[in-house]
Student: 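Pasting a structure below so you can have a look.
Every number for a ligand or one of its atoms is a count from 1 in the order of the listing. Values reported hereafter were calculated over all heavy atoms of this structure, with side chains retained and with hydrogens, waters and symmetry mates removed. Throughout, residue positions are numbered sequentially from 1 according to the sequence presented.
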Amino acid sequence: VHMTTNSTLQMAEFDKEAAKNASTFAHDGFGNATLKRLFKKIVNIGFAATNDSEQLKAISNLEADLTGIYSKGKVCLESKGCLQLEPGLTDIITNSRSYEELLAVWKGWRDASGKLMRTKYTDFVKAMNAAIKFSGFNDTGEYWRSWYETPTFEQDVRTLFEELEPLYVELHAYVRKRLKEKYGKDMFPETGHIPAHLFGNMWAQQWSNIYDLLVPFPGASSVDITAKMKEQNYNVTHMYRVAEDFFMSIGMEKMTDAFWQNSMLVKPTDRDVVCHASAWDFYDENDFRIKQCTSVTEDQLLTVHHEMGHIVYFQNYRHQPRLFRGGANPGFHEGMADIVSLSFQTPEHMKVIGLLDEVPQDSDSDINFLLKMALDKVAFLPFGYLIDQWRWSVFRGDTNSSNYNQHWWDLRCRFQGISSPVKRTEEDFDPGAKYHIPGNTPYIRYFVSFVVQFQWHEALCREAGNTRPLHRCDIYNNTNAGNKLREMLRMGSSKPWQDAMEAITGQRTMSAKPLVNYFDPLLKWLKEQNKEENTGWSASCPSSIPTP
Ligand SMILES: CC(=O)N[C@@H](CC(=O)O)C(=O)NC[C@H](CC1(C(=O)N[C@@H](Cc2ccc(O)cc2)C(=O)O)CCCC1)C(=O)O
Ligand SMILES: [Zn+2]
């Protein structure tokens with residue numbers, strides 16, 4: 001912790017010095033847009049602008065303490081001993097179909113993580129808000145939103161969410177019906193909410209791990225990639241080679257030697273590491289790394305593609321000046337990380353890499369495939385939206401430590417239609433059970449990413465001359481699509497994101513339409529399935545909780 005504090009202070013001193021020098025120029029009046037943008041980035045140094053180094057120390061130490069609590073958290077079960085989040089608790093949440101066992105792990109993790117963070121998090125918010133004022137922002141949320149350079153950004157994302165909500169409501173109703181069949185309807189509150197621990201994911205953020213409970217047409221084909229990977233003796237290195245091969249097939253460069261030498265691709269046995277996957281740019285135009293506790297599963301193969309997608313973005317803007325080596329906005333970096341998986345996951349591509357024997361053409365298999373994609377991409381939308389709704393409200397002071405947990409569950413009940421399976425009070429601090437809160441990683445970037453990646457997929461598939469339905473398009477081996485994508489990637493953050501969006505799609509705005517078009521065949525089927533259902537849920541959380 002003291003090491004990081006010193007390096008944080010040193011970096012802040014450098015940033016302050018550079019900002020002071022840059023502000024001796026009247027850069028607002030510069031004619032050259034690029035130079036003007038560069039000076040603006042030199043001057044805009046965030047928390048480092050504070051004149052009170054105690055605040056910077058507090059920010060750095062509290063973040064280290066909070067992530068320390070998160071990475072050391074463990075739950076002891078009489079049946080399985082003491083388990084950490086990865087891999088022990090995640091394996092149970094993924095595979096258990098016992099209501100009680102899932103509940104023990106769900107509650108246990110929250111007691112071992114978030115519950116221990118509340119006081120530190122309160123101090124953390126105070127220190128960040130005090131420091132950010134020196135950069136002219138009212139609060140930390142306003143600073144984070146400034147990266148999108150869009151005065152109407154908050155309204156824009158709310159509008160996008162409202163356009164996508166009808167699709168989510170239909171998916172929610174279908175999943176609720178099937179889970180009632182599995183766990184018994186009296187375990188579900190009258191209000192229409194689904195208990196939060198039944199989705200195969202610790203945060204109910206993506207639901208593809210319970211696909212086996214939800215298969216629309218069990219007779220038709222649906223691929224179990226993990227089983228196939230194990231059958232074919234996939235190892236970790238091969239997973240990275242498969243991902244590298246995809247990017248090279250659309251014209252991107254191979255991973256550098258430094259990547260293979262310096263990355264950490266498996267969980268080390270000799271020391272504790274933060275296993276949450278991540279991609280790193282060392283800004284020397286050669287040293288790019290992934291840190292991931294990789295295991296041989298389909299989920300992990302997608303994460304490998306995701307992290308390598310970040311690396312490919314790093315590589316494509318390495319020629320830019322240092323301050324332009326970033327995503328056009330943070331959501332674009334995440335969209336680039338995910339874009340390839342929309343091709344990679346198709347049955348067409350699974351056949352290309354030998355993880356599927358033949359490509360099914362019947363409509364039942366199509367619905368099976370679209371449902372599985374929706375369990376990741378549509379289920380995620382309210383979650384991706386609400387994390388920073390909570391945090392922005394905390395930063396601006398509308399939510400404080402006396403109602404942190406109340407507001408968190410208000411948002412979870414209202415936007416996700418899920419509820420806590422056990423009573424929650426202000427003794428709990430459930431936001432802290434999600435990595436990005438102690439890790440202080442902004443989250444709206446993932447909501448933006450899930451919208452823009454479908455805009456890009458539609459544009460790149462058109463560029464590739466694709467004639468199949470959008471959800472069966474695979475841009476593998478298509479350098480036209482790759483060239484189009486590279487045009488955007490090379491810009492880095494040298495231009496506003498609207499220019500980057502225009503380079504790929506010809507439009508300058510975010511749009512929910514490509515995502516809705518992609519899932520249109522599924523939406524028709526879901527509406528048919530839900531004809532007898534009361535879709536939706538009450539805006540507020542259930543007052544009583546069914547107990548096993
Ligand atoms: C130096 C640094 O910080 N680098 C950044 C990248 C950069 O900014 O350059 C970075 O490596 N961030 C780590 C983060 C990891 C993951 C994540 O946190 N995912 C979200 C949401 C989600 C879920 C499903 C999905 O398909 C896509 C996203 C979650 O798990 O909730 C975990 C596995 C996937 C991505 C990441 O790669 O985004
Ligand atoms: Zn990412």
Student: Out of curiosity, K267 NZ to T294 OG1, how far, rounded to the nearest 0.5 Å?
Tutor: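 One gets 12.0 Å once the value is rounded to the nearest 0.5 Å.
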
Student: Can you tell me which residue and heavy atom of the protein come closest to atom 17 (C) of ligand 1, and the distance to 0.1 Å?
Tutor: H276 NE2, 3.5 Å

Student: Looking at atom 38 (O) of ligand 1, what's its closest protein heavy atom, distance included?
Tutor: Y446 OH, 2.7 Å

Student: Before we go on, tell me: are the rings of Y317 and Y313 under 6.0 Å apart, centre to centre?
Tutor: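 They qualify: ring centres under 6.0 Å apart.
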
Student: For atom 29 (C) of ligand 1, which candidate among K377, H310, Q205, H306 provides the closest heavy atom?
Tutor: Q205

Student: In sequence, state the C-alpha distance, the side-chain angles, and the governing distance for K115 and F429, and then conclude on side-chain contact (heavy atoms from CB on, under 4.5 Å).
Tutor: CA-CA 5 Å; K115 189 163 192 166; F429 180 58; 5.7 Å; no

Student: Can a salt bridge be assigned to the pair K372 and E298 using a cut-off of 4.0 Å between side-chain N and carboxylate O?
Tutor: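 Yes, this pair counts.
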
Student: Report yes or no: is the cationic atom of K377 (NZ for Lys, CZ for Arg) closer than 6.0 Å to the six-membered ring centre of F450, at no more than 45° off its axis?
Tutor: yes

Student: Indicate whether any N or O donor in one side chain lies under 3.5 Å from an N or O acceptor in the other, for Q292 and Q300.
Tutor: yes

Student: Among all protein non-hydrogen atoms, which one is nearest to atom 15 (C) of ligand 1, and what is the separation to 0.1 Å?
Tutor: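 Scanning the protein heavy atoms, the shortest distance from atom 15 (C) of ligand 1 goes to A277 O, 3.1 Å.
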
Student: May I ask you to identify the nearest protein heavy atom to atom 5 (C) of ligand 1, giving residue, atom name and distance to one decimal place in Å?
Tutor: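 Going by distance alone, atom 5 (C) of ligand 1 is nearest to A279 O, 4.0 Å.
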
Student: Atom CG of N286 and atom CG of D257: how far apart are they, to the nearest 0.5 Å?
Tutor: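 Separation between the atoms: 7.5 Å.
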
Student: What about the rings of F161 and Y168, do their centers lie closer together than 6.0 Å?
Tutor: no

Student: Look at atom 21 (C) of ligand 1 and say which protein heavy atom is nearest, naming residue and atom and giving the distance to 0.1 Å.
Tutor: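 Protein heavy atom at minimum distance: Y443 OH, 3.5 Å.
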
Student: Taking atom 9 (O) of ligand 1 as the point of reference, which of F314, Y435, F450 owns the nearest heavy atom?
Tutor: F314

Student: Is the positively charged end of R110 above the ring of W408, judged by distance under 6.0 angstrom from the centroid and angle within 45° of the axis?
Tutor: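 The answer is no; the distance or angle limit is not met.
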
Student: Does the protein put a heavy atom less than 4.0 Å from atom 3 (O) of ligand 1?
Tutor: no

Student: With a 4.0 Å heavy-atom cut-off (strictly under), which part of D338 contacts ligand 1: side chain, backbone, both or neither?
Tutor: side chain

Student: Return the closest protein heavy atom for atom 23 (C) of ligand 1 as residue, atom name and distance.
Tutor: Q206 OE1, 3.4 Å

Student: Checking a contact table here: which protein heavy atom is nearest atom 33 (C) of ligand 1, and how many Å away?
Tutor: T303 CG2, 3.8 Å

Student: Please confirm if an N, O or S atom belonging to H333, backbone or side chain, lies less than 2.8 Å from the Zn ion (ligand 2).
Tutor: no

Student: Which of the atoms in ligand 1, numbered in the order shown and given with their element, are less than 4.0 Å from a heavy-atom of E334?
Tutor: 38 (O)

Student: On the six-membered ring of Y443, is R391 placed so that its NZ or CZ lies under 6.0 angstrom from the centre and within 45° of the ring axis?
Tutor: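 Not satisfied by the 6.0 Å and 45° rule.
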
Student: Compare R445, Q453, K434 and give the one whose heavy atom is closest to atom 30 (O) of ligand 1.
Tutor: K434

Student: Please report which non-hydrogen protein atom sits nearest to atom 37 (O) of ligand 1, along with the residue it belongs to and the distance in Å to one decimal place.
Tutor: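 Protein heavy atom with the smallest distance to atom 37 (O) of ligand 1: E307 OE2, 2.9 Å.
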
Student: For ligand 1, which part of W280 has a heavy atom less than 4.0 Å away: the side chain, the backbone, both, or neither?
Tutor: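 It is the side chain that gets close, since no backbone atom is under 4.0 Å.
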
Student: If you consider just the N/O/S atoms, which atom of E334 is the closest one to the Zn ion (ligand 2)?
Tutor: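 Closest N, O or S atom of E334 to the Zn ion (ligand 2): OE1.
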
